[in-house]
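All chains are named by letter (A, B, ...) in the order of the sequence lines, taking the proteins before the strands, and each is independently numbered beginning at 1.
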Amino acid sequence: MPELPEVETVKQVLAPQIMGLRIADITVNDPKVVARPSAEEFVRELKGERIMELERRGKFLSLCLEGGGRIVLHLRMTGSLLLTPPDFPLEKHTHLIFHLENGRELRFTDMRRFGRFWLIRVGEEDLFSGVSRLGPEPFDEDFSAAYLSSALAKRKSTVKSCLLDQGFIAGIGNIYADESLFAANIRPERPACGLSVDECERLAAAIREALLTGIAENRMSAEEYLAGKGRGYRSRYLNVYGRAGEPCRVCGERLLRAVVGGRGSVYCPKCQR
DNA sequence: ATAAGGACCTGCTAGC
DNA sequence: TGCTAGCAGGTCCTTA
């Protein structure tokens, strides 16, 4: 479900509420969601640990622990992380519950069970979650028009496939790929190596702007987040994603849908070239 | 080496 | 109304 902006929302909402709290106990309803180590070890080693900080990298979230280790998690398509009072109705597909020392629960719910947790022990290198294979963070200095231009030039696939490749750039998914390409006036099926320097500059700026808009539009209070069950992301601000067949907000042309890189893609045939 | 396609899961919706 | 096919915002693995 969530891409960089939505994971950022999760982090911003949860961080102030769980920082400094100890994990009193953990309930694992589906051991499969713990990718590493085993679910038993995960529970044993985390009981009594204190959560110090939350970090986001791409679409991954890390709970940094007092002891120096970290819990890394990825929500994939339909995962959500919700902080609830203990008597809050239990959602279907709740696979993991962290019982915190103040009585509240941090619950992981995931209809499609794609989401995963990894425990990275003190001093251990995280070679398993995929964090180490991520490309540049879109707001870091190492992501620039120059990077985009030289990296795209080496690719024979479509520009959209590159944007979805987490090793190329971290955090973009289908929504923000389509939104960025629309803002940059570039068609998703264009070969990456065929983009001009000017187009790469527009795309780099469009990516950052689309993500910043997503973060701003999805900013919400803890109450709103809980009411939306951790899935109450907004979409009214999106210009193309989910709007195939509707008129383009810029030129009025009918938005088209095509499959690019195996993913449904929406674009404006007039604005995007 | 890169790219396409299937697998992993469940639920929703459109169409017959 | 009921069934089915197709689709869904992600990633990994196998195959070509």
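- To the nearest angstrom, C1' of B/dC12 lies 12 Å from NZ of A/Lys92.
- In terms of phosphate contacts, A/Ser157 brings a side-chain nitrogen or oxygen within less than 4.0 Å of OP1 or OP2 of B/dA3.
- Taking only side-chain nitrogens and oxygens, A/Gln166 comes nearer than 4.0 Å to OP1 or OP2 of C/dT11.
- Both the sub-6.0 Å distance and the 45° axial angle are not jointly satisfied by A/Arg187 relative to the ring of A/Tyr267.
- A/Phe143 places a side-chain heavy atom less than 4.5 Å from the side chain of A/Ile169.
- Whole-Å rounding puts the A/Leu163 CG to C/dT11 C1' distance at 17 Å.
- Stacking between A/Phe114 and the base of B/dC9 is absent under the criterion of ring centres within 5.5 Å and planes under 30 degrees.
- Nucleotide B/dA7 holds its C1' atom 12 Å from the CZ atom of A/Arg116, rounded to whole Å.
- Between A/Lys156 and B/dA3, a side-chain N or O to OP1/OP2 separation shorter than 4.0 Å is absent.
- In this structure, A/Arg257 reaches the C/dA8 phosphate: one of its side-chain N or O atoms is under 4.0 Å from OP1 or OP2.
- The CG-C1' distance, from A/Asp165 to B/dT2, rounds to 11 Å in whole Å.
- Contact between the side-chain N/O atoms of A/Lys32 and the OP1/OP2 oxygens of B/dC8 is not found at any separation under 4.0 Å.
- When the P atom of C/dT11 is taken as reference, atom CG of A/Leu4 falls 11 Å away, rounded to whole Å.
- A sub-4.0 Å separation between OP1 or OP2 of B/dC9 and a side-chain N or O of A/His93 is absent.
- Residue A/Gly173 is in sugar-phosphate contact alone, with no base atom involved, counting any heavy-atom pair closer than 4.0 Å across all strands shown.
- Distance noted for atom P between C/dG6 and B/dG6: 13 Å (whole Å).
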Test log, rule ring pair (Phe, Tyr, Trp, His ring centres under 6.0 Å), inputs A/Phe117 and A/Phe108: CA-CA 10 Å; A/Phe117 285 78; A/Phe108 171 67; 5.0 Å; yes
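- A salt bridge links A/Arg113 with A/Asp30: the distance from a Lys NZ or Arg NE/NH1/NH2 to an Asp or Glu carboxylate oxygen falls below 4.0 Å.
- In this entry B/dC8 has C/dG10 as its Watson-Crick or G-U wobble partner, both defining distances falling under 3.5 Å.
- Counting atom types as modelled, A/Arg112 pairs a side-chain N or O with a base atom of B/dC9 as donor and acceptor under 3.5 Å.
- An OP1 or OP2 oxygen of C/dG10 is reached within less than 4.0 angstrom by no side-chain nitrogen or oxygen of A/His74.
- With P as the reference atom, C/dC7 and B/dG5 are 14 Å apart, rounded to whole Å.
- As a whole-Å value, the separation of A/Leu75 CG from C/dG9 C1' is 12 Å.
- A gap of 14 Å separates the P atoms of B/dC9 and C/dC13, to the nearest Å.
- Residue A/Leu73 contributes atom CG, which lies 15 Å from atom C1' of C/dT11 at whole-angstrom precision.
- Along DNA chain C, the nucleotide nearest to A/Gly130 and the one nearest to A/Met111 differ in position, and the one closer to the 5' end is contacted by A/Met111.
- Ion pairing between A/Asp126 and A/Arg70 fails under the 4.0 Å rule for side-chain N and carboxylate O.
- If you check C/dC12, C/dC7, B/dC9 against the side chain of A/Arg76, the one that comes closest is C/dC12.
- Look at A/Tyr241 and the base of C/dG9; the rings do not stack under the cut-offs of 5.5 Å between centres and 30° between planes.
- Rounded to a whole Å, the CD atom of A/Glu217 is 17 Å from the C1' atom of C/dG9.
- Classification of A/Arg234 and A/Glu224 as a salt-bridged pair holds, one side-chain N sitting under 4.0 Å from a carboxylate O.
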